[in-house]
K.L.:
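Handing you a structure now.
Since the model is a prediction, treat every value here as computed from it, not as a measurement. As the structure lists them, so they are numbered: ligands from 1, and atoms in each ligand from 1. All values below come from the heavy atoms of this structure, side chains included, with hydrogens, waters and symmetry mates left out.
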Amino acid sequence: MTEPDDAELPDLEAGRLLFAQACAFAAAAAAATQVPASKLPEVAFAGRSNVGKSSLVNALTGRNTLARVSQTPGRTRQLNFFALAGRLMLVDLPGYGFAKAPKGEIRAWTQLLREYLGGRANLRRVCLLIDARHGVKPSDLEFMDLLDETAVSHQLVLTKADKITPAESEERRREFAELARRGALHPRLIATSAHTGAGIALLRAELAALALPAAIA
Ligand code: GDP
């Protein structure tokens, strides 16, 4: 496994400080017109249904940030916006890979996503969550194509890393090395576990590097 140089590692303490602060639900959007105006740098989380997105965002923020929205029926196809410390907007994109959904619903959802990704000037990165046990699936590749088309920088984040063996971990790294040739893909793969906390501090630090600077007291 090749690790990046220490010099490239983001500031773990900055990540800890940012994510120790309040994270509040800001808005939900089921249509492009409902996407809130915001000047905050933005990071969106995407992935197949059941990838562990709610668990990861809750682990990052240290609280049940997503519990409120994910338990509300009918809210599953919305974009949910959360403001973190007035410095970074976190956006929960609904899970994809929903083969059983009606075609019209899929079309409407893809259109909303395309408009959001293509028109959001302050969107700094999409964290694309991949279940460490399954690796990158065709629906993930389709989503990556959309990110390429809309020129949105994205980073792959493995979830449920506690569930895989070192050999499987190597396999994921090999697959990632193949994908890393893609232009808008961030060069660091982060393996996380919401259960053990592995990789959470590193991901917080990566995202803190995109946030507005802390106000000087
Ligand atoms: P979402 O649908 O993408 O929001 O996924 P959830 O966060 O609801 O998680 C889906 C399932 O994966 C649940 O049963 C979680 O307990 C499980 N899960 C999520 N994160 C982890 C993890 O880090 N390790 C393990 N072993 N299971 C996880």
Side-chain angles (χ1 to χ4, degrees), residues 1 12 15-16 19 23-30 42-82 84 89-101 105-106 109-110 112-113 116-117 125-144 146-147 154-173 175-176 188-207:
M1 188 185 301
L12 294 182
R16 190 187 68 77
F19 280 86
C23 184
F25 176 76
E42 202 156 286
V43 174
F45 296 84
R48 289 163 55 81
S49 302
N50 218 35
V51 70
K53 184 154 51 68
S54 313
S55 305
L56 181 71
V57 174
N58 287 339
L60 279 172
T61 56
R63 50 185 75 78
N64 274 346
T65 300
L66 291 189
R68 186 194 142 193
V69 278
S70 55
Q71 282 166 15
T72 309
R75 282 203 151 183
T76 48
R77 288 281 173 266
Q78 296 188 330
L79 283 69
N80 292 298
F81 295 77
F82 300 87
L84 177 59
M89 191 75 88
L90 306 180
V91 187
D92 176 32
L93 304 178
Y96 54 80
F98 39 93
K100 289 198 190 96
E105 200 179 298
I106 295 178
W109 164 235
T110 309
L112 170 59
L113 251 192
Y116 167 71
L117 295 171
R125 189 172 301 168
V126 167
C127 289
L128 181 48
L129 277 42
I130 304 291
D131 190 318
R133 297 168 302 179
H134 308 315
V136 173
K137 295 285 188 189
S139 56
D140 298 316
L141 289 172
E142 267 175 47
F143 192 78
M144 289 172 78
L146 180 58
L147 292 167
H154 46 285
Q155 180 161 25
L156 295 195
V157 175
L158 296 179
T159 59
K160 312 184 192 181
D162 57 287
K163 288 279 203 186
I164 59 168
T165 62
E168 286 171 310
S169 175
E170 272 305 320
E171 184 56 29
R172 294 291 92 81
R173 298 267 165 197
E175 289 165 6
F176 177 72
R188 196 195 322 269
L189 173 67
I190 301 187
T192 66
S193 166
H195 285 190
T196 67
I200 299 296
L202 179 58
L203 184 54
R204 283 180 182 149
E206 285 272 8
L207 302 184

K.L.:
Charged N to carboxylate O below 4.0 Å: is that the case for Glu175 and Arg172?
P.N.:
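Salt bridge between Glu175 and Arg172, a charged N being under 4.0 Å from a carboxylate O: yes.
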K.L.:
Tell me which protein heavy atom sits closest to atom 4 (O) of ligand 1, plus the residue, atom name and distance to 0.1 Å.
P.N.:
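Atom 4 (O) of ligand 1 sits closest to the protein heavy atom Ser54 OG, 2.5 Å.
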K.L.:
State, to 0.1 Å, how close Cys23 and Phe82 come at their nearest heavy-atom pair, and which atoms those are.
P.N.:
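In terms of heavy atoms, the two residues are closest at SG-CB, 3.8 Å.
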K.L.:
With a 4.0 Å cut-off, would you call Asp92 and Lys53 a salt bridge?
P.N.:
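Judged by the 4.0 Å cut-off on N to carboxylate O distance, Asp92 and Lys53 do form a salt bridge.
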K.L.:
I'd like to check whether Gly52 has a polar contact with ligand 1, where a contact means an N/O of the residue lying under 3.5 Å from an N/O of the ligand.
P.N.:
yes
K.L.:
Could you find the nearest protein heavy atom to atom 28 (C) of ligand 1 and give me its residue, atom name and distance?
P.N.:
His195 NE2, 3.5 Å
K.L.:
Give the residue, atom name and distance (to 0.1 Å) of the protein heavy atom nearest atom 1 (P) of ligand 1.
P.N.:
Lys53 N, 3.5 Å
K.L.:
Under 3.5 Å between any N/O of Asn50 and any N/O of ligand 1: does that happen in this structure?
P.N.:
yes
K.L.:
For a quick test of reading the model, state the closest non-hydrogen atom pair linking Ala28 to Asn80 and the distance between them.
P.N.:
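Shortest heavy-atom contact: CB-OD1, 3.3 Å.
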K.L.:
Any N or O of Thr192 that comes nearer than 3.5 Å to an N or O of ligand 1?
P.N.:
no
K.L.:
Given side chains that start at C-beta, do those of Tyr116 and Val91 come closer than 4.5 Å, heavy atoms only?
P.N.:
yes
K.L.:
Taking it one step at a time, do Glu142 and Ser139 satisfy side chain to side chain donor-acceptor pair (under 3.5 Å)?
P.N.:
CA-CA 5 Å; Glu142 267 175 47; Ser139 56; over 6 Å; no
K.L.:
Measure across Met144 and Leu128 and return the closest heavy-atom pair with its distance rounded to 0.1 Å.
P.N.:
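Here Met144 and Leu128 meet closest at CG-CD2, 3.3 Å.
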K.L.:
Kindly give the heavy-atom pair with the smallest separation between Gly199 and Ile190, and that separation in Å.
P.N.:
O-CG2, 3.8 Å
K.L.:
For ligand 1, note which part of Lys163 has a heavy atom under 4.0 Å away: side chain, backbone, both or neither.
P.N.:
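Under 4.0 Å from ligand 1, Lys163 contributes side-chain atoms alone.
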K.L.:
What part of Val51 sits under 4.0 Å from ligand 1 if we count only heavy atoms: the side chain, the backbone, both or neither?
P.N.:
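Both backbone and side chain.
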K.L.:
Which protein non-hydrogen atom lies closest to atom 23 (O) of ligand 1, naming both residue and atom, and how far is it?
P.N.:
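The answer is Ala194 N, 2.7 Å.
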K.L.:
Quick one: are Leu84 and Leu207 in side-chain contact, heavy atoms under 4.5 Å?
P.N.:
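Leu84 vs Leu207: side chains apart.
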K.L.:
Just need the protein heavy atom nearest to atom 24 (N) of ligand 1, so name the residue and atom and give the distance.
P.N.:
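In this structure, atom 24 (N) of ligand 1 has Asp162 OD1, 2.7 Å as its nearest protein heavy atom.
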K.L.:
Among Ser49, Gly47, Ser55, which residue places a heavy atom closest to atom 6 (P) of ligand 1?
P.N.:
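Checking each option, the heavy atom nearest atom 6 (P) of ligand 1 is found in Ser55.
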K.L.:
Do you see a protein non-hydrogen atom under 4.0 Å from atom 14 (O) of ligand 1?
P.N.:
no
K.L.:
Looking only at protein heavy atoms, which one is nearest to atom 18 (N) of ligand 1, and what is the separation?
P.N.:
Lys160 CE, 3.7 Å
K.L.:
Quick check: Thr159 and ligand 1, any N/O pair under 3.5 Å apart?
P.N.:
no
